[in-house]
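For reference, the structure discussed in these notes is given below.
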Amino acid sequence: MNFEENLSEYLSQEFIEDLLKAQEEKRTTSLILNTTKIDKEAFKNMFPEIQEHEFMENVFYYDKEKYQLGKNFLFDNGVYYLIDTSSLLVSYYLPTKDGDSILDMCSAPGGKTISLLLKNNEQDLNIIANDLSHERSLELSKNIERQGFGNVIVTNNDFEKVYNSYLEKFDCIILDAPCSGSAMFRKNDLAKKDWTMNKVLKAQEIQKRLITIAIRMLKKGGYLMYSTCSFSKEENEDVILYALSQFDDIKPVKIEEKYCYYRTSALPEAIHLFPNLYKGEGQFICLLHKEGETFTNSKNLKKNITHKDIIQKYSIYLNSEKIINNQIYFYNNFIDISKLNVLRYGLHAGEINKNIFKPSFQLAHYLSSSKSIGLNEDEFKAYIHGDEIRKNLQIKNDFYVVSYKGINLGFVKYVDGKLKNFYPKGLRH
């Protein structure tokens, strides 16, 4: 069975022709803005040809031939995150509340975790962002660092091996399941060449196992968001219907009506995002709710801070501390993570050596720019080039955050009229 024949199992021939035509067109490029770092109007003035999304706040389309936004200092410093608008709807439709413990099971490179936090920047959310691949988990960790989030624990685990330790522990779970990737055809020509029906069926086996353990780790009253970037019903409706047949307390939640969403009679609560209807690369999204009354995790976890001086100096609002090879991390201790392979314990604050604390790049992005040292344009160019800057200030010799137009860049060490540069070497240009 080829791709077109697979689609004909639930789509009309006319619709398939429109979809295949759309997949030959230029792919869309989009981003979500971090408005805690920059005002939306100021951003629009910087890039006047960007287009606002129709209904998602702080989401923009852009033409990458006009704006190389992946190579801009704003990207390096967490002002926005580049992500497809189809993927953004996963976090857009996931209901959350203050204090929720959230698991993003297949998180890398981190877009759904990042967009969830940017959408809910006033909510107190605690997230474990996980990926099975070690390499992809490291990339996930870098993206979390760039944004400056302190409430995200990055892990590298196969949850099929550890889920029994986390039964009914999470208020919300995102399962963006590994799939055959037909919504990636415009982005990756190899995905199109590699597509086979056998690949679809193998992916379905994995998806059924993952959704089963996800439901078991979900609290009563919790929400599970299932998604794929596949157009095959075997990986979408069929997986959800399988899960519903296995669990009596799981019910699909209908996603709101939009003219650009496609629904099937087999599962009308869920939506397909097709590029011939919706301006994006494509996604299947289904929100599930576990019936019952939600509860708070009963185990009182130890909350311990030894470096209270760092917490107080930088106004860090996290309740636990981890020190690994002189590297200090602060995080919210909301769930027992002792069974997990942790790559990043929340906020990497910096390094302590012989009682001297050297702050990190991530800490600079975690902090507000209100107490930073502002740089002019020439100083900014010198800083991102990695140069030392002469600047006489009435301050004591110490570490300080520097910013440009209100955007934190990184740390310097002020020593007798000189700003010693600590901008990461890999970002200098």
Side-chain angles (χ1 to χ4, degrees), residues 34 36-39 42-43 46 71-80 141-150 305-318 320-331 344-429:
N34 187 339
T36 66
K37 297 180 183 290
I38 192 172
D39 178 75
F43 184 74
M46 295 175 70
K71 299 178 180 179
N72 193 291
F73 87 96
L74 297 173
F75 174 74
D76 293 336
N77 292 281
V79 173
Y80 53 77
S141 184
K142 289 179 183 177
N143 287 331
I144 296 299
E145 175 184 81
R146 186 182 291 116
Q147 295 293 323
F149 296 132
I305 297 288
T306 57
H307 290 90
K308 294 181 180 179
D309 54 330
I310 298 173
I311 288 283
Q312 293 169 356
K313 179 177 181 178
Y314 294 103
S315 299
I316 297 172
Y317 298 101
L318 299 166
S320 294
E321 175 184 291
K322 184 78 172 181
I323 302 175
I324 306 173
N325 297 327
N326 296 328
Q327 304 298 316
I328 301 178
Y329 296 82
F330 296 109
Y331 64 102
R344 176 179 292 274
Y345 287 86
L347 173 67
H348 177 216
E351 178 182 9
I352 192 159
N353 194 357
K354 297 180 180 179
N355 293 322
I356 297 174
F357 176 68
K358 176 183 173 183
S360 73
F361 180 65
Q362 187 184 13
L363 180 58
H365 292 171
Y366 173 83
L367 300 174
S368 165
S369 64
S370 61
K371 296 181 180 180
S372 64
I373 297 173
L375 302 181
N376 62 35
E377 187 171 354
D378 288 338
E379 291 167 338
F380 158 71
K381 290 178 180 178
Y383 182 75
I384 64 172
H385 190 259
D387 301 335
E388 184 178 271
I389 301 169
R390 292 185 177 275
K391 196 175 182 74
N392 288 312
L393 301 168
Q394 299 301 311
I395 56 177
K396 68 178 182 178
N397 292 347
D398 200 354
F399 288 99
Y400 297 91
V401 176
V402 292
S403 63
Y404 177 61
K405 294 184 177 180
I407 299 165
N408 284 355
L409 302 174
F411 274 95
V412 294
K413 187 173 185 181
Y414 183 76
V415 181
D416 301 330
K418 297 179 182 178
L419 301 179
K420 295 185 177 294
N421 198 319
F422 286 90
Y423 199 56
K425 291 182 179 180
L427 299 180
R428 295 177 183 181
H429 51 85

CG-CZ distance between Asn77 and Arg146, expressed to the nearest 0.5 angstrom: 9.0 Å
Could I get the full list of salt bridge (Lys or Arg N to Asp or Glu O under 4.0 Å) partners for Lys313, not counting sequence neighbours? Asp398
Taking Lys37 for its side chain and His365 for its backbone only, find out whether a donor-acceptor pair lies under 3.5 Å. yes
Ile352 versus Ile356: any side-chain heavy-atom pair under 4.5 Å? no
Going through the checks in order, is the side-chain contact (heavy atoms from CB on, under 4.5 Å) test met by Tyr80 and Asn72? CA-CA 10 Å; Tyr80 53 77; Asn72 193 291; 3.3 Å; yes
Side chain to side chain, Met46 and Leu74, heavy atoms closer than 4.5 Å: yes
Between Ser403 and Ser372: side-chain donor-acceptor atoms closer than 3.5 Å: yes
Listing request: all salt bridge (charged side-chain N to carboxylate O under 4.0 Å, His left out) pairs with a residue in residues 383-393, at least two apart in sequence or in separate chains. Glu379-Lys391, Glu388-Lys420
I'd like to check Ile310 versus Ile305 (side-chain heavy atoms, cut-off strictly below 4.5 Å). Are they in contact? no
Can you list the residues that meet the ring-ring contact (aromatic ring centres under 6.0 Å, His included) rule with Phe330, with sequence neighbours excluded? none
Quick one: are Ile323 and Glu321 in side-chain contact, heavy atoms under 4.5 Å? yes
Straight-line distance of Ile389 CD1 to Phe380 CZ, nearest 0.5 Å: 10.5 Å
Applying salt bridge (Lys or Arg N to Asp or Glu O under 4.0 Å), can you list everything that pairs with Lys358, at least two apart in sequence or on another chain? none
Roughly how far apart are Phe149 CZ and Ile144 CD1, rounded to 0.5 Å? 6.5 Å
Does some side-chain heavy atom of Asn421 sit less than 4.5 Å from a side-chain heavy atom of Arg428? yes
Test ring-ring contact (aromatic ring centres under 6.0 Å, His included) applied to Tyr366 - qualifying residues, sequence neighbours left out: none
For Glu145, all residues meeting salt bridge (Lys or Arg N to Asp or Glu O under 4.0 Å), sequence neighbours excluded: Arg344
Pairwise side-chain hydrogen bond (donor to acceptor under 3.5 Å, both in side chains) hits with a residue in residues 404-418, at least two apart: Asn397-Asp416
One should read off an interatomic distance between Ile328 CD1 and Ser360 OG, to the nearest 0.5 angstrom, of 10.0 Å
Asn34 side chain vs Thr36 backbone, donor-acceptor pair below 3.5 Å: yes
Step-by-step side-chain contact (heavy atoms from CB on, under 4.5 Å) determination, Val401 to Ile373: CA-CA 6 Å; Val401 176; Ile373 297 173; over 6 Å; no
Listing request: all ring-ring contact (aromatic ring centres under 6.0 Å, His included) pairs with a residue in residues 384-403, at least two apart in sequence or in separate chains. Phe399-Phe422
Which is it for Tyr383 and Asp378 under the side-chain contact (heavy atoms from CB on, under 4.5 Å) test, yes or no, and what are the steps along the way? CA-CA 9 Å; Tyr383 182 75; Asp378 288 338; over 6 Å; no
List the residues meeting ring-ring contact (aromatic ring centres under 6.0 Å, His included) with Phe411, not counting sequence neighbours, and say none if there are none. none
Got a donor-acceptor contact below 3.5 angstrom from the His348 side chain to the Tyr329 backbone? no
Not counting sequence neighbours, which residues clear side-chain contact (heavy atoms from CB on, under 4.5 Å) with Asp76? List them please. Tyr423, Leu427, His429
Sequence neighbours excluded, the answer for side-chain contact (heavy atoms from CB on, under 4.5 Å) partners of Ser368 is Ser370
Partners passing side-chain contact (heavy atoms from CB on, under 4.5 Å) against Asn326 (at least two apart in sequence or in another chain): Glu351
